[in-house]
Amino acid sequence: MKITKIESQKNQDRVNIYIDGEFAFGLMAEIQYKYDLSKGMEINKEYIDKVLLEEEQAKANDQALRFLTYRQRSKKEIIDKLKKNGFSENIIENTLLYLKEYNLINDLEFAESFAKDKINLNGFGPKRIKYDLYKKGISNDIIQKVLEEDKDDEYSRALELGKKKLTSYKNDDKNAKYRKLGGFLQRKGYSYECVSKVLRELVK
């Protein structure tokens with residue numbers, strides 16, 4: 001087999017490769033240069049497969065990098081995204097190694113940042129944060145470590161949240177306030193012990 005033509009695509013970063021007079025495949029220009037593909041070059045199926053595997057790997061790496069552009073991601077989120085886009089397990093594993101090499105994925109850093117955002121922006125308690133991190137594939141060890149760091153602030157945070165929310169129940173009787181505020185704080189992810197303590201403090 002012989003490469004008979006190489007032409008640029010509209011996207012200047014890609015080229016079309018023709019073999020024996022017929023279009024064979026599209027390719028990133030950088031991979032063409034890496035493998036020194038040129039017109040008149042004799043090429044076999046093994047070499048083509050190697051080149052196309054490199055192309056697939058580069059695509060997976062690129063998609064993962066774009067996925068990380070908007071915010072940090074957990075390892076599981078990246079795996080799920082690449083699986084959804086049809087990449088094989090080997091390609092995905094290599095992409096994860098690539099990202100780790102440049103410290104672009106770190107589940108501990110992700111979990112710490114995620115917990116901080118959920119606390120500051122949503123007022124979530126530890127039970128809700130634990131559940132959300134678990135869904136994102138974060139290990140129990142990391143979840144416990146992150147929650148341990150925030151342990152001392154749970155009550156004060158729940159108390160502040162409770163004070164603000166209580167103003168919307170001003171026309172309710174004591175029992176209704178107790179029930180509504182308790183349900184609200186539990187849905188936010190605060191522990192039963194913490195919620196009970198806040199209710200004793202605020203609903204009198």
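What's counted below: heavy atoms across the whole structure, side chains too, no hydrogens, waters or symmetry copies.
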*side chain to side chain contact (heavy atoms under 4.5 Å, CB included) between S113 and D117: does it pass, once the steps are laid out?*
CA-CA 6 Å; S113 175; D117 283 348; 4.2 Å; yes
*Are I48 and M1 close enough, and set up right, to give a side chain to side chain contact (heavy atoms under 4.5 Å, CB included), and what steps lead you there?*
CA-CA 10 Å; I48 292 171; M1 293 186 287; 3.9 Å; yes
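The shortest side-chain heavy-atom distance between D153 and S156 falls under the 4.5 Å cut-off. Side chains of N16 and L27 form no contact here, defined as non-hydrogen atoms less than 4.5 Å apart. You'll find the side chain of K39 stays beyond 4.5 Å of the side chain of Y18, heavy atoms only. Side-chain contact between L68 and Q72 is absent, with no heavy atoms from C-beta onward closer than 4.5 Å.
Judged by distance alone, the side chains of D107 and S74 never bring a donor and an acceptor atom under 3.5 Å apart. Side-chain polar atoms of Q144 and N140 form no donor-acceptor pair below 3.5 angstrom. A donor-acceptor contact closer than 3.5 angstrom is absent between the side chains of E154 and Y190.
For the pair K145 and D141, the salt-bridge criterion is not met [side-chain N within less than 4.0 Å of a carboxylate O]. A salt bridge does not link K75 to E77: none of the charged side-chain nitrogens sits closer than 4.0 Å to a carboxylate oxygen.
With respect to E55, the salt bridge (Lys or Arg N to Asp or Glu O under 4.0 Å) criterion is satisfied by exactly one of R14, K50, K34: R14.
Judged by a 6.0 Å distance limit and a 45° cone about the ring axis, K165 is positioned over the six-membered ring of F184.
Residues forming a ring-ring contact (aromatic ring centres under 6.0 Å, His included) with F114 (at least two apart in sequence, or on another chain): F110. Judged as a ring-ring contact (aromatic ring centres under 6.0 Å, His included), and not counting sequence neighbours, Y155 has no contacts.
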